[in-house]
*Asks:* 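Have a look at this one.
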Amino acid sequence: MGGVPCIRGTRIPVAPIIKLLAAGTSAERIVEEFPQLTMDDVRDVSLHAAAVAAESELPLRPST
């Protein structure tokens with residue numbers, strides 16, 4: 001997939017799953033929408049997102 005992070009054993013990119021989780025979609029609903037995924041896959045996506053966020057340094061916005 002051209003270097004795009006995908007869920008192991010699938011060609012499903014991680015980003016859309018992270019967006020669904022961020023929008024409040026339950027892991028159960030995600031597995032319903034993507035039957036090739038397991039609950040563990042969805043959990044691993046959230047762990048991946050947390051790891052990426054922990055590695056990133058974001059500049060703080062100046063307070064106004």
Side-chain angles (χ1 to χ4, degrees):
M1 294 280 298
V4 172
C6 292
I7 299 169
R8 180 181 19 168
T10 74
R11 292 182 57 85
I12 299 172
V14 169
I17 306 304
I18 292 171
K19 288 178 184 177
L20 288 169
L21 289 168
T25 306
S26 70
E28 292 84 3
R29 180 71 181 138
I30 293 170
V31 170
E32 287 175 12
E33 290 184 29
F34 297 87
Q36 60 272 51
L37 299 182
T38 66
M39 294 295 287
D40 285 341
D41 292 329
V42 176
R43 183 203 51 168
D44 289 346
V45 166
S46 63
L47 292 173
H48 171 75
V52 169
E55 291 176 2
S56 300
E57 287 188 34
L58 301 175
L60 297 176
R61 292 185 198 164
S63 59
T64 56

*Asks:* Less than 4.5 Å apart, side chain to side chain, heavy atoms only: is that true for Ile7 and Phe34?
*Replies:*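 Contact flag for Ile7/Phe34 side chains = no.
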
*Asks:* So, taking the atom named OG1 in Thr38 and the one named CG in Asp41, what distance separates them when rounded to the nearest 0.5 Å?
*Replies:* 3.5 Å

*Asks:* In Å and rounded to the nearest 0.5 Å, what is the CD1 to CG distance from Ile30 to Leu37?
*Replies:*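 The CG atom of Leu37 is 8.5 Å from CD1 of Ile30, to the nearest 0.5 Å.
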
*Asks:* According to the salt bridge (charged side-chain N to carboxylate O under 4.0 Å, His left out) rule, which pairs have a member within residues 19-39, sequence neighbours left out?
*Replies:*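 Sorted result for residues 19-39: Arg29-Glu32, Arg29-Glu33.
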
*Asks:* Enumerate, atom names and distances included, each donor-acceptor pair closer than 3.5 Å involving a side-chain atom of residues 45-55, sequence neighbours excluded.
*Replies:*
| residue | atom | partner | partner atom | Å |
| --- | --- | --- | --- | --- |
| Ser46 | OG | Arg43 | O | 2.7 |

*Asks:* Which pair of heavy atoms, one from Ala27 and one from Val42, lies closest together, and at what distance?
*Replies:* CB-CG1, 3.7 Å

*Asks:* Mind checking salt bridge (Lys or Arg N to Asp or Glu O under 4.0 Å) for Asp44 and listing every partner two or more places apart, or none if nothing turns up?
*Replies:*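 Residues passing salt bridge (Lys or Arg N to Asp or Glu O under 4.0 Å) with Asp44: Arg8.
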
